[in-house]
Amino acid sequence: MDYDTLKLIWWVLIGVLLIGFALTDGFDMGATVLLPFIGKTDEERRIVINTVGATWEGNQVWFITAGGAMFAAWPLAYAASFSGFYFAMLLVLFSLFFRPVGFDYRGKRVDVRWRQGWDLGLFVGGFVPALVFGVAFGNLLQGVPFAFDSDLRVTYHGSFFGLLNPFALLCGLLSLSMLTAHGAAFVKMKSDGVVAARASNALRLFAGLTIVLFVVAGALVATLIGGYTITSPAPPDTVANPLLKSVDAGPGLWLANYGLYPWMAAAPVVGLLGGALAFALAGSRFERLVFLCTGLQIVGVILTAGFSMFPFIMPSSLDLRSSLTVWDATSSKMTLEIMLVAVVIFLPIVLGYTAWVYRVMRGKITSRAIRENEHTLY
């Protein structure tokens with residue numbers, strides 16, 4: 001298998017891992033974002049928590065695997081992103097601390113203030129990562145102020161608050177909204193009664209809001225947000241060095257791939273169609289179909305960003321040549337080959353185990369189940 005094909009395969013694989021994380025851990029975060037709003041009593045909040053309580057830890061595998069794959073396959077992008085997004089990543093990390101301790105410690109005491117405090121922690125653990133991940137993508141679309149010197153040492157010239165620009169915050173709200181809609185669909189599917197009814201209302205609200213934010217973000221990318229394009233690729237048969245290419249930037253360039261590869265237009269269509277169906281069916285009894293629709297919305301949104309940026313991974317707004325792409329940010333050919341063998345062996349195992357767990361844990365969490373399992377459920 002030639003080197004360029006391996007690079008393309010790993011771009012696809014990392015995209016699959018990121019989508020897998022958004023689809024699985026996304027509804028966990030969405031459910032905890034909704035926890036204070038669709039759970040009015042302690043029993044109702046326990047219902048919401050236990051809809052995701054059996055599977056949330058396993059869903060973290062996708063996040064960890066995606067991070068490890070980026071470290072091994074895209075070392076330059078990994079180094080540059082940790083330089084630029086260091087404090088944002090710390091914010092995500094510290095907010096994620098609330099999740100395991102919140103799930104495990106909330107039920108240790110029957111005290112209103114104790115449990116409300118952990119409910120707030122679970123809310124933060126879902127709200128902050130969902131928002132920051134979208135903010136990160138918003139900054140990638142605009143370009144990140146970093147540069148490589150002649151020895152490929154990376155320097156970052158931005159600030160944490162510089163990441164919180166209006167377009168990035170819009171993308172953050174888009175991410176938060178679509179994951180919250182996904183979480184609402186999951187809670188609706190796994191609960192009944194008043195909790196399911198409130199989840200349906202939240203689903204309708206956030207699925208519709210996601211459509212609006214997605215359209216607005218797309219319009220800004222098409223008109224105001226500058227895109228990137230490679231004007232002169234690096235010479236063939238050279239070591240991976242981002243400084244060997246030439247790059248141009250300008251408004252609307254992120255749409256160029258849709259002209260070159262018309263089939264990519266299916267991504268935004270899937271995102272909009274999935275959101276529209278979720279909005280229309282929010283109050284119906286087709287719970288699994290609704291959950292599938294919110295999943296399609298997430299897949300469409302993420303693929304739209306990925307297709308628009310291809311082959312760029314992390315564009316540089318400071319030095320265009322330093323922009324990292326699929327072709328010049330990857331590890332050696334041998335590294336990619338060894339990792340691909342590992343993926344072929346272990347990814348089916350992870351998928352099979354995940355499917356088995358969800359099959360075993362199928363069924364609804366009801367008020368009766370909560371009362372009958374006071375000491376075994378969260």
Side-chain angles (χ1 to χ4, degrees), residues 12-35 48-70 92-93 95-96 98-100 102-103 122-123 125-134 136-137 174-191 199 202-203 206-207 210 270-271 274-275 278 287-303 305-306 343 346-365 378:
V12 173
L13 286 175
I14 290 177
V16 168
L17 291 173
L18 291 175
I19 289 174
F21 165 65
L23 289 176
T24 55
D25 215 27
F27 67 72
D28 291 347
M29 291 186 286
T32 54
V33 168
L34 291 171
L35 178 62
V48 175
I49 291 171
N50 281 280
T51 60
V52 298
T55 55
W56 75 269
E57 287 179 291
N59 294 338
Q60 301 288 310
V61 171
W62 293 95
F63 185 39
I64 297 169
T65 305
M70 290 182 67
V92 170
L93 179 63
S95 65
L96 287 176
F98 286 111
R99 302 185 70 194
F103 280 114
L122 289 172
F123 169 79
F127 179 90
V128 172
L131 180 70
V132 172
F133 291 145
F137 266 97
L174 170 59
S175 171
L176 176 64
S177 179
M178 73 177 186
L179 295 184
T180 304
H182 197 45
F186 190 77
V187 173
K188 171 183 169 63
M189 182 174 65
K190 293 283 290 181
S191 64
L203 170 59
F206 286 103
T210 301
V270 167
E287 298 162 345
R288 294 184 179 181
L289 177 59
V290 172
F291 182 65
L292 174 63
C293 289
T294 57
L296 289 175
Q297 186 177 51
I298 290 174
V299 171
V301 171
I302 295 177
L303 285 181
V343 168
F346 291 107
L347 185 59
I349 296 175
V350 172
L351 290 172
Y353 174 74
T354 301
W356 177 78
V357 167
Y358 278 95
R359 185 178 184 279
V360 171
M361 299 299 177
R362 68 188 183 277
K364 292 182 179 291
I365 303 296
Y378 289 115

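Worth saying up front: this structure is predicted, and the values here are computed from it rather than measured. In this chain, residues are counted from 1 in sequence order.
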Legend entry - Set of ring-ring contact (aromatic ring centres under 6.0 Å, His included) partners for F137, sequence neighbours left out: none
Inset, instruction - Working to the nearest 0.5 Å, report the span between CG of L179 and CZ of F127. - result: 12.0 Å
Inset, instruction - Answer whether the closest heavy-atom distance between the side chains of V48 and L34 falls below 4.5 Å. - result: no
Inset, instruction - Output all residues satisfying side-chain hydrogen bond (donor to acceptor under 3.5 Å, both in side chains) with K188, sequence neighbours left out; order by chain, then residue number. - result: S200
Legend entry - Approximate separation, where rounding is to 0.5 Å, of L131 CG and T180 OG1: 10.0 Å
Inset, instruction - Applying side-chain contact (heavy atoms from CB on, under 4.5 Å), run through V270 and L303 and close with a yes or a no. - result: CA-CA 9 Å; V270 167; L303 285 181; over 6 Å; no
Do any side-chain atoms of residues 288-295 form donor-acceptor pairs under 3.5 angstrom with protein atoms, and if so which ones, sequence neighbours left out?
from, atom 1, to, atom 2, distance (Å)
T294, OG1, H182, ND1, 2.8
T294, OG1, F291, O, 2.8

Legend entry - Closest non-hydrogen atom pair between A199 and V187, with its separation: CB-CG1, 4.0 Å
Legend entry - Distance in Å, L18 CG paired with L13 CG, rounded so as to fall on 0.5 Å steps: 11.0 Å
Inset, instruction - To the nearest 0.5 Å, tell me how far F186 CZ sits from L203 CG. - result: 14.0 Å
Legend entry - Distance-minimising heavy-atom pair for Q297 and G275: NE2-CA, 3.0 Å
Legend entry - Heavy-atom check, side chain of S191 versus side chain of K364, under 4.5 Å: no
Inset, instruction - For W62, enumerate each residue passing the ring-ring contact (aromatic ring centres under 6.0 Å, His included) test, keeping only those at least two apart in sequence or located in another chain. - result: none
Legend entry - Under the side-chain contact (heavy atoms from CB on, under 4.5 Å) test, residues paired with F98 that sit two or more places apart: V124
Legend entry - Atom pair CD1/CG of I64 and L17 - distance to nearest 0.5 Å: 12.0 Å
Legend entry - Closest approach of A31 to V52 (non-hydrogen atoms, all atoms of both residues): CB-CG1, 3.9 Å
Inset, instruction - Locate the shortest heavy-atom distance separating S175 from A130; write the atom from each residue and the value. - result: OG-O, 2.6 Å
Legend entry - Over all atoms of both residues, closest heavy-atom pair of G125 and L96: O-CD2, 3.9 Å
Legend entry - Any donor-acceptor pair under 3.5 Å from T210 side chain to M178 backbone: yes
Inset, instruction - Quick one: which residue pairs count as a side chain to side chain donor-acceptor pair (under 3.5 Å) with a foot in residues 23-33, not counting sequence neighbours? - result: D25-Q60, D25-R99, D28-N59
Inset, instruction - Starting at CZ of F27, measure out to CD1 of I298 and round the result to the nearest 0.5 Å. - result: 10.0 Å
Inset, instruction - Identify the two heavy atoms, one from V350 and one from V61, that lie closest to each other, and give their separation to 0.1 Å. - result: CG1-CG1, 4.4 Å
Inset, instruction - Could you tell me whether the side chain of Y353 reaches within less than 4.5 Å of the side chain of Y358, counting heavy atoms only? - result: no
